[in-house]
Amino acid sequence: MQYKHKLRVVCCALAAACCISMTGVSHITFADESSELANQLEQAEQNKKQAEKELAQAKENSKKEQAVSVSLKNDEKALRGQITNIVGQISQKEAEIAEKQNQIAAKQQEIDQKQVDIEQKQADIDTRWGNFKERVAAIQVMQSGGSIALLGKATNISSFLTYSDNLQEISKYDRQVMDEMAAEKAALQELKTQLEIQQNELKTAQTNLESQKISMQNKKSELDATKQALSVQIQQQDEKVSEATADVQAAKAEYEAAYAIWKKAQAEFDRLANSNPGAGVIGDGSVMWPLPGYTRLSSYFGEDRELWPGYWSKGHGGVDIPAPAGTPIRVFKSGTVYNSYFSPSYGNVVMVDHGNGLVSIYGHMTARMASVGSVVNVGDIIGTVGSTGQSTGNHLHFEIRQNGSRVNPLNYVSPS
C-alpha cells in the first residue's frame, strides 16, 4: 500500500490550505475566509473519515492474515504429530522384525538339531542293519548245510537245537529294534517337517512386517515432503503477516496525521468564528446562531451522507451541529411556532414561521420547549439537543426553507 506517498500528499495539501487561510486574512473578507475555512474543515473531515476506514480495513486484513498463519501452524503441528506417530510405528515394526528373525534363528537351530538326531538315528539303523544281515546270513548258512559243521562241534543234539533257536530269536529281536528305530526316525522327520513349516510361517510374517515397514517409510517420506511444503507456506504467510502489520502501522500514522490536520482546521475555523463577535448576526442583529459556542458542522447543506453502513441520504436539507445532549437550542429569528411534534425522521422537531415565506426547523431534540401557536423571540430556548429520529449521535439538525424550498442556513446566519 502507498500509505506514505498518499499521506505526504494529504498533509502537504491541507497544510498549505491552512497556511493560506492564516496568511491571507488581511486580503480577503471575513465571509470569504469563513467559507474557505469551512471548505478546508469539510475536506479534513472527509480525509479523517477515509483514513479511519483504511485503518479499520488494514486491521481487518491483518487479522485475517494472522488467522491464516495460525491455521497453517496448527496444521504443521498436527503433521509433526503424525510424523512422530509413524516414526514410532516404524520402530515398533523394526522391533517385531528383529523378534521374528530371532525366532527364525531359534527354529533353524531346532531344525539343525533334529537333522543331527535323524542322521544319528540313521547311523544306528545302518549299524543294526549290518549286524542283522550278518546274523541272517549265518542262519541261512546253518540252514543250507552249515548245520553239519555245527553238529560236529555240538556235544549233543540239544545244544545244536538251542543254538539254532537262539539265532532265530536274535534275528526276530533285531527286526523289532529296527522297526522301532524306523518309527523314531519317522517321528523325528515329522517333527523336522513341522519345524520347517513354522519357520516358513515366521519368514512369511517377517516379509509382511518388512512390507509394512516399507509402506510406513514411504508414508513418512510423503509427510516429510508435505511438512516441507507447509514450512514454505508458513514462511510466506509470516511475510504477509509482517506486511499487514506494517500496513496497519502506516494506516495508523495516516489517520493520526489526518486527525491532526482536521483538528488544526477545526481550530482555525473556531478561531475565525470567535474572532468577530458580531459575525453571527446579520443586518440589524435580528438573527443568532441556534447553538451559541458550537460552531463546528458535522454535515453541510446539500451533501450526501452515509447515516449508517449501506444507508445513504442524498442532498442534506440543512446543517448538522454537534453538541452535548441537553444543550439549549435557541430560535435563530423571531417568529411563531406553527408545528411541534415527533417525526420518525426528524425526531422531536419544532418549526417556526418567521413571515415572508421563511421557516426554520430544529430536529432530533431530546425535548421540545415550544408549543404550537406561541410567539418566540430571537434567542428564546425552544428545546434541547438530542439524538431522536434518524440520528447517529447528539446534534441539532438546523434547516431553513424559503417559500417551501430548502436553502442553505449559512446564507442567513453564521456559526458563532
Side-chain angles (χ1 to χ4, degrees), residues 1-23 36-80 226-271 295-300 303-313 320 322 324 387 391-395:
M1 298 178 68
Q2 299 177 342
Y3 281 115
K4 294 183 179 179
H5 173 70
K6 184 177 180 182
L7 183 59
R8 286 197 296 269
V9 172
V10 172
C11 291
C12 291
L14 291 178
C18 290
C19 289
I20 291 174
S21 68
M22 290 186 291
T23 57
E36 177 65 23
L37 286 178
N39 291 335
Q40 292 176 12
L41 182 59
E42 180 181 6
Q43 183 62 47
E45 179 86 19
Q46 292 176 357
N47 289 336
K48 179 174 73 69
K49 289 181 178 179
Q50 181 61 29
E52 188 174 6
K53 287 181 179 179
E54 291 180 356
L55 176 58
Q57 183 62 52
K59 288 181 177 180
E60 181 64 22
N61 291 341
S62 178
K63 183 179 179 181
K64 289 180 179 178
E65 296 296 350
Q66 288 175 351
V68 172
S69 179
V70 169
S71 177
L72 287 174
K73 289 177 180 178
N74 287 339
D75 290 345
E76 184 190 38
K77 182 179 179 180
L79 199 55
R80 287 200 303 267
T226 302
K227 180 176 176 293
Q228 180 62 31
L230 194 57
S231 296
V232 173
Q233 281 186 272
I234 290 173
Q235 183 178 0
Q236 294 173 345
Q237 187 61 33
D238 285 343
E239 292 175 358
K240 289 183 180 180
V241 170
S242 297
E243 291 175 0
T245 301
D247 286 345
V248 170
Q249 296 302 319
K252 184 178 180 181
E254 179 184 350
Y255 171 76
E256 290 174 349
Y259 178 82
I261 293 172
W262 168 82
K263 189 174 182 180
K264 183 175 182 180
Q266 180 67 58
E268 285 297 309
F269 189 88
D270 291 344
R271 175 195 62 76
T295 59
R296 183 176 74 84
L297 303 182
S298 60
S299 180
Y300 291 82
E303 74 175 3
D304 296 337
R305 302 170 301 151
E306 187 178 20
L307 298 182
W308 49 79
Y311 183 84
W312 284 80
S313 175
D320 287 345
S387 184
S391 171
T392 57
N394 292 312
H395 71 283

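Here the OG atom belonging to S391 is positioned 8.0 Å from the CG atom belonging to D320, to the nearest 0.5 angstrom. To the nearest 0.5 Å, atoms NZ (K77) and CZ (R80) are separated by 8.0 Å. With rounding to the nearest 0.5 angstrom, the NZ atom of K63 is 11.5 Å from the NZ atom of K59. In this structure, CD on E65 lies 5.0 Å from CD on Q237, to the nearest 0.5 angstrom. The line from CD of Q233 to OG1 of T226 is 10.0 Å long, rounded to the nearest 0.5 Å. D247 CG to E254 CD: the interatomic distance, rounded to the nearest 0.5 Å, is 11.0 Å.
Without hydrogens or angle criteria, S71 side chain to A67 main chain gives no donor-acceptor distance under 3.5 Å.
Nearest heavy-atom pair across E303 and S298 is OE2-O, 4.1 Å. Contact between V248 and S62 at its shortest, heavy atoms only, is CG2-CB, 3.7 Å. Across all non-hydrogen atoms, the minimal contact from I234 to K73 is CG2-CE, 3.8 Å. The heavy-atom pair separating V241 from Q66 by the smallest distance is CG1-CG, 3.8 Å. In this structure, A258 and N47 approach most closely via the heavy-atom pair CB-O, 4.1 Å. Of all heavy-atom pairs spanning A251 and A58, the tightest one is CB-CB, 4.0 Å.
Side chains of N394 and P324 form no contact here, defined as non-hydrogen atoms less than 4.5 Å apart.
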Given Q46 and Q50, is the side-chain hydrogen bond (donor to acceptor under 3.5 Å, both in side chains) satisfied, shown in steps?
CA-CA 6 Å; Q46 292 176 357; Q50 181 61 29; over 6 Å; no
side-chain hydrogen bond (donor to acceptor under 3.5 Å, both in side chains) evaluation trace for N61 with Q57:
CA-CA 6 Å; N61 291 341; Q57 183 62 52; 3.0 Å; yes
Show your working on side-chain contact (heavy atoms from CB on, under 4.5 Å) between D75 and L230 and close with a plain yes or no.
CA-CA 8 Å; D75 290 345; L230 194 57; 3.8 Å; yes
